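Notes follow once the structure below has been shown.
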Protein chains: 2
Amino acid sequence: MVNKKYVYLFEEGQTNMKELLGSKGANLAEMANIGLPVPPGIIITTKACKEFYRAGKKFPAGFEEEIYAKIKVLEEKTGKKFGDPENPLLVSVRSGAPVSMPGMMDTVLNLGLNRQTVKGLARSTGSERFALDCYRRFLTMFGDVVLGIDREKFEHILTALKEKRGVSFDHLLTAADWQQVVDAFETLVEQETNQPLPDQPMEQLFRAIYAVFNSWNSDRAIVYRRVNKIPDDLGTAVNIQIMVFGNMGEDCGTGVAFTRNPSTGEKELYGEYLINAQGEDVVAGIRTPLSIGALKDEMPAIYDQFKAACVLLEKHYRNMQDIEFTVERGKLYILQTRTGKRTAQAAVKVAVDMVKEGLITKEEAILRVEPAHLDSILHRRIDPQAKLEVIAKGLPASPGAASGKVIFDADEAEKLGSEGEKVILVRTETTPDDIHGIVAAKGVLTSRGGMTSHAAVVARGMGKPCICGCEALRIDYAAANFTINGLVVKKGDLISIDGATGQVMLGEVPMLDPELSPEFIELLQWADGIRTLGVRANADTPADVLKSRELGAEGVGLCRTEHMFMAQERLPIVQQMILAARPEERQKALDKLLPMQQEDFYGILKAMTGYPVTIRLLDPPLHEFLPDAEELVEEVSRLLYTEGDQEELKKKRDLLKKVRALAEFNPMLGHRGCRLGITFPEVYAMQARAIFQATAQLIQEGYRVIPEVEIPLVGEVNELTVLRDLVTEIAVKVSRETGVKFDYLVGTMIEVPRAALTAEEIAREADFFSFGTNDLTQTTFGFSRDDAEAKFLHAYIDKKILPDNPFAVLDRSGVGKLMQMTVELGRQTKPDLVIGICGEHGGEPDSIEFCHQIGLNYVSCSPYRVPIARLAAAQAKINNEKRGK
Amino acid sequence: MVNKKYVYLFEEGQTNMKELLGSKGANLAEMANIGLPVPPGIIITTKACKEFYRAGKKFPAGFEEEIYAKIKVLEEKTGKKFGDPENPLLVSVRSGAPVSMPGMMDTVLNLGLNRQTVKGLARSTGSERFALDCYRRFLTMFGDVVLGIDREKFEHILTALKEKRGVSFDHLLTAADWQQVVDAFETLVEQETNQPLPDQPMEQLFRAIYAVFNSWNSDRAIVYRRVNKIPDDLGTAVNIQIMVFGNMGEDCGTGVAFTRNPSTGEKELYGEYLINAQGEDVVAGIRTPLSIGALKDEMPAIYDQFKAACVLLEKHYRNMQDIEFTVERGKLYILQTRTGKRTAQAAVKVAVDMVKEGLITKEEAILRVEPAHLDSILHRRIDPQAKLEVIAKGLPASPGAASGKVIFDADEAEKLGSEGEKVILVRTETTPDDIHGIVAAKGVLTSRGGMTSHAAVVARGMGKPCICGCEALRIDYAAANFTINGLVVKKGDLISIDGATGQVMLGEVPMLDPELSPEFIELLQWADGIRTLGVRANADTPADVLKSRELGAEGVGLCRTEHMFMAQERLPIVQQMILAARPEERQKALDKLLPMQQEDFYGILKAMTGYPVTIRLLDPPLHEFLPDAEELVEEVSRLLYTEGDQEELKKKRDLLKKVRALAEFNPMLGHRGCRLGITFPEVYAMQARAIFQATAQLIQEGYRVIPEVEIPLVGEVNELTVLRDLVTEIAVKVSRETGVKFDYLVGTMIEVPRAALTAEEIAREADFFSFGTNDLTQTTFGFSRDDAEAKFLHAYIDKKILPDNPFAVLDRSGVGKLMQMTVELGRQTKPDLVIGICGEHGGEPDSIEFCHQIGLNYVSCSPYRVPIARLAAAQAKINNEKRGK
């Protein structure tokens, strides 16, 4: 015979029975079983729910008898009785599915009350007001959850009375007032249901159970499950638990506490409580709760009991706990325990401490820290205690926080910066012309542009806070101010920005410096010992390279050469190169750039000596180095119609013509990457020469350097063949000229789908692959990142069309499928092909896990994300081993 | 023992021995064997060449003996002898690989001549001048091919003498002059090689054979093979053939003729000849050849003999032949026969006639016509006889030819067009504002924009000639003229354009009208009986739909709705919709568009009654319907600096602001397609309503219509789910409102890689797939078509980085791989899923073959390419069956 048991006492269950007892029920059972003072209760299983549906919404046979029997047990335990006018048994009824469905939970408290028992409760507690308050809460919840009466109708009655009495808070109403409310509620129920309120507690209970089962297939529950991909056939359990009250007098109380400090991770009880209060009073903020330490003086026995419970729970659950408790007439009850939320700092400290206390293993410690949260440790941040007055919000383009004077001009920012002033550069957008201003500023704020705008990319590279696309900002350069919803902020005014949240504040806000605690360093060392995925950094300057080594990078995975072209003193030469009418002119400009690039590469290769450095040849379309066409049109028009300087007019017109000739409809898909290398081989030749001359020089000086020359945007093997030949030719020449032998690799980015689809061919010519997942995501989805983020991606995420922004979290089913294909096809040709990733996903934990799974050799990310990647790589290894992968 | 035969007499070979005897040798052997008067000869096999290399460039054992023996046979056949001073044997030595390698062929004529035999030749021909001319030709070729002496050095000697004599043509030199040339040539050879010219014919022969073998691995041959993907180990054969001369007197002659008229396909001999001349004289154009018919009178016996040979060859090769012949002293020799090149018209007629003559099967007839050449039959074209003076060349954006007056303004074009004037609209680029001008014009010429520019797409849709991106054109709208390299063409001047070649001509050029001959129609009917791939048309108007049905379309595969939005009277309403600040305003504009769209769909569905019509909902980014930002900046600046109308200034500024807000960095990858449908569902809702209301109306009127609603740019199944729900909801509503039941399908374009990669999911929600290979090619390569074609694609094709323009010929290894994946994954979910293609590749024969191979249900192309597609689809079927597929 099959097991027909539908109802469990708490003491019959345990934590691993979540599927049958629901998540909440299993936890309550677990606590009861380890001897904690949990108010007694019973759990109706999910099996009962499933049979309820199978039978066409009918309780299964034997179910009601079992409930009667179990309620009897509760009555015996408490000495109270359902419907007893003297000492009534009161229970809460709550749904509890195997998977948490927040906001879907239907709850009825104080079930068991009616016109008779409410009097008994008044007598037994000595407070008519308290009893009536309990009853009206029950009426509201039962009316709403079980009888389907709009909750607002109850609220409306209460509000009307409070207005009549001229009071704002419930606790200012008298017992007589509550009696009036209760009467009105009962009348409301009769009117709405055309029958009196069911007043038999057992009937109330069955109807409440029916309502909870029924709620499993409510529209909102179905939608919630569909959206969150929860199976429809799990069913929900129902928890029925004895009510306890913390508001029956001065020997009562309620509180919450963490077993460790959730801000710092220190091992100390941390929390607060209120005497003679209910849980919701702590939240309501009418009275100020006391620190948990004070309980030691006020109720020493309870405090000791609670502390012992905390120790027990932490040991039992092997994690820091967040515990709710209530004291009813001098007796402690533990109502709930759950894993305590904590800051990144605390997470690290708790995890490392627990390893040392022997509570958990190093692997567990590593899994305990959410890598994404480490951002806040790695950047200067706003003091979480500070009260902020946020005046605007933009895109969180580069994490970290900064305060400074508002400055609208890059030159001025540079000047003030060099004088030691703290400056925030505020622009509609930044261009290569503003780089020196960004360098000098503490942070950048723009009103236009997305997460890959110039400002965002440059700031992230420098580890500098940046907010982009702050559209509420109206900048008036002429008046030297900006306006946000009527508020005018002038040049020189102080503001603060938080690049992690996108928030803009007036004035200077208190901040905390980043600190790499000893625990953090230790945790990362453990991670290094476990992970198999390498971690490199995306770094374009020697300073960035040194920073990344300090943070644990094992090489440079992406050194972008275009940022070097954008340096203020070089831009005119770069423009001269682009605008050259004849090859000799172009060569002249290139000859000037050569020593500069050589110096760049010298510095970078030297800073990463002993580790590989991947240098990507010029990638962006050339017109990115030129002025904006619309601005030129404006200048030309001004000069034309104001009869300005005719020579200047001619010059600007000529420039405009060239800018237009270079303009593209879709620059992302245009004349860039290796396409430039093929049409202007002299540019790549110069870069290759600079790399190899720097290499030869370093080797002569005794350094060990291995440059990896990377050809961007290859989609067809012939592109790589041609450019590899070019690079090789120059390497041979430089080696001959300098008499120095050196090693080097030539490889390619995989960043357009065709490269992935033909990876077996491309691998023939490549020493390594590196996934450029930013562009690969753009081309796979057909999304221009800047346009998508500004125009429709938010709607896609809001409407759950996409689970995440695919530019932040790697899209496994599309982009990931191409990556997997690439790895398979590439290694089919070269089994030992080194494959890495250098898109922004390389610093994102979920994406890093995927990279580990498909067998990449390394991830590369911005210097400040290197520690995150180290941790995430270790987690990926541990999780995948658990899954037997 | 292995077969050691290295040398074949012509009569020992046949046409299917190409691998061993080379292509040329096998054909000569074949002709000899069917009894044609081919000058006797022998073939050295490719096996000999391969052994030559295997042995380190040595002739294999027994080889020389075999040559001696076979030369003996030739001597016996001709009664001439190698080195015989009285009656010397003269031969030609030519290389001949199994695969044709034009321009790689090394040839030595008149081998066997030396100081002694040249005298015998003079005597036997009675012309010293002739004999010396033969000898000097031999010296030049032997010197160049065998001895490696720069051919220019020979030319130089000859040129110097002609200057000295004051003559321009060789035939004006005397025998004494030729003696002088020959002497100088011999001296040159001695100087260059430090030894006298080898004068023994057998030595000459072996050295020539050595040289031909050696040329197989010359640099240019190796490069040619690499580029053309010809295996390096084929080796070359060597053909040694008796010389015949058409220039020995009045009983000699030479000529070429086609067995049928290569222009019209009429069954008649077509060609020309010269008495007393060599082949090269026909080409040189010094004397005017006579029509082949005249030979009947001049040499009736030869003519009859030749005619019989023609009949024999046509029967034997079962195709129209292009035959070279020589008459030496009253004896006819056939020197070469090959398949004759022909116009598309002729190809069709010849193929159909030959079926009727019982020469070939219908399948063969279908394979005989190159579908791509049909373009010229289907459009008005320039008379191939006309002498053209081309003044500029642009991109051939839409085939066909037209003449008309140059007009720069769309309104004026419309006005003149309505008055019956023929007009060519000339613009830098066209915009939606110019549509009425394009409609009225005979053709369009733009100086900017690529193959997918507005002008190109619109013109192709209308089957109207168009040249785009004609960059030499400098248009001055103010002066109402354009300049090409200094030549000024004014408004009203006549020009002609050829949209198939991109050529622009001054004045009116003679043209031929398109004609669908009865043979053409018959051939297409045969094709329809064979093909399994359906053929639909891309058509946006009832007129296009009717045209496409006339040309054999079996449905509309793509009806673009955006062109309807661009009609002049609608654009303001569309702009009103886009610029609407509030939803009600937008709805008002949509309400105005609804009846217009309904009328559009009514007309289109009615015109295609009985066949499916796929209607794509709005696809392009909204800002395509708005004015250009740069132009607005200019206007705003003008109004500002000239203190113009302040109200106008404000209006323009507001508009500019909105245009900027809608502007995108990469519109191709931006806010378009289903992304619009998701963010502005009311637009798609209006379109769906228009489709279904038209459907209901037609069904009430008794028509059979099945609209297929197509959602563009889907990359994720959830996009399709949301929009399919929207469309379904409206279908249900319209059905209820009208009381009419109707069928419809909802499907999607597959045009971004992610759609292909997740096709198994998308198929769940799709009734059909249609490949948008234009966009799929853009995203798979990461090429913006307009930018790529203007900036770098030409370099890619020049440098053979890509074999073809992937926007013209489907890229099988990248885009094709994704398509194959889509078909597999999609039909995994729905085995009967209907899958088509509506990108431009749907009208390109090579791409159509691929579509057949991967199992698509239909291709869809512009109306004028429907016949091409019908034929190509049949060819694909036949060819694949041959390959056992």
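Note on naming: letters A, B, ... go to the chains in the order of the sequence lines (proteins, then strands), and numbering restarts at 1 for each one. As the structure is a computational prediction, the values presented were derived from the model and not from experiment.
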For [X], which atoms come within 4.5 Å of any heavy atom of chain B: side chain, backbone, both, or neither?
{"X": "A:Lys800", "value": "backbone"}
{"X": "A:Asp775", "value": "neither"}
{"X": "A:Ala756", "value": "neither"}
{"X": "A:Leu632", "value": "neither"}
{"X": "A:Glu760", "value": "side chain"}
{"X": "A:Ala788", "value": "neither"}
{"X": "A:Ala759", "value": "neither"}

Of the listed residues ([options]), which shares the most heavy-atom pairs with chain A below a 4.5 Å separation?
{"options": "B:Glu716, B:Lys791, B:Arg672", "result": "B:Lys791"}
{"options": "B:Thr779, B:Thr721, B:Thr642, B:Leu676", "result": "B:Thr779"}
{"options": "B:Glu471, B:Glu719, B:Glu761", "result": "B:Glu719"}
{"options": "B:Ser813, B:Ala755, B:Ala790, B:Ala629", "result": "B:Ser813"}
{"options": "B:Val633, B:Asn666, B:Leu757", "result": "B:Asn666"}
{"options": "B:Gly670, B:Pro621, B:Gly715", "result": "B:Gly670"}

So B:Phe783 and B:Tyr796, would you call those rings parallel, tilted or perpendicular, with 30° and 60° as cut-offs?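 It falls in the perpendicular class, over 60°.
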State, yes or no, whether a side-chain contact exists between [X] and [Y] at a heavy-atom distance under 4.5 Å.
{"X": "A:Pro806", "Y": "A:Phe781", "result": "yes"}
{"X": "B:Arg653", "Y": "B:Lys657", "result": "no"}
{"X": "A:Tyr641", "Y": "A:Val636", "result": "no"}
{"X": "B:Thr773", "Y": "B:Met819", "result": "yes"}
{"X": "A:Lys652", "Y": "A:Leu639", "result": "yes"}

Just by modelled atom types, is the B:Ile678 backbone N or O under 3.5 Å from a matching donor or acceptor in the B:Tyr684 side chain?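 Not a single qualifying donor-acceptor pair exists.
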Top contributor to chain B interface from [options] [non-hydrogen pairs under 4.5 Å]:
{"options": "A:Asp787, A:Thr679, A:Val722, A:Thr758", "result": "A:Asp787"}
{"options": "A:Met821, A:Lys817, A:Glu751, A:Arg675", "result": "A:Arg675"}
{"options": "A:Gly782, A:Gly673, A:Ser637, A:Gly814", "result": "A:Gly782"}
{"options": "A:Lys799, A:Met668, A:Arg448, A:Gln778", "result": "A:Met668"}
{"options": "A:Leu802, A:Val752, A:Leu640", "result": "A:Val752"}

Please report the interatomic distance CG(B:Leu649) to CD(B:Glu643), rounded to the nearest 0.5 Å.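 If we round to the nearest 0.5 Å, B:Leu649:CG and B:Glu643:CD are 10.5 Å apart.
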If you count heavy atoms of other groups shown closer than 6.0 angstrom to CG of A:Asp219, is the number above 12?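 Open.
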Do B:Phe807 and B:Asn774 pass the side chain to side chain contact (heavy atoms under 4.5 Å, CB included) test, and can you show the C-alpha distance, the side-chain angles, and the key distance before you say yes or no? CA-CA 6 Å; B:Phe807 293 105; B:Asn774 295 350; 5.5 Å; no
With a 4.5 angstrom heavy-atom cut-off, could you sort out which part of B:Glu664 is near chain A: side chain, backbone, both or neither?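 Both backbone and side chain.
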Region of B:Leu662 in contact with chain A, defined by heavy-atom distances below 4.5 Å: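 The backbone, not the side chain.
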Using the rule given for salt bridge (charged side-chain N to carboxylate O under 4.0 Å, His left out), can you reason through A:Glu634 versus A:Arg638, listing the C-alpha separation, both sets of side-chain angles and the distance that settles it, and then say yes or no? CA-CA 6 Å; A:Glu634 210 171 313; A:Arg638 183 180 55 79; over 6 Å; no
Dump the intermediate steps for side chain to side chain contact (heavy atoms under 4.5 Å, CB included) on A:Leu617 and A:Val683, then the final yes or no. CA-CA 9 Å; A:Leu617 301 188; A:Val683 178; over 6 Å; no
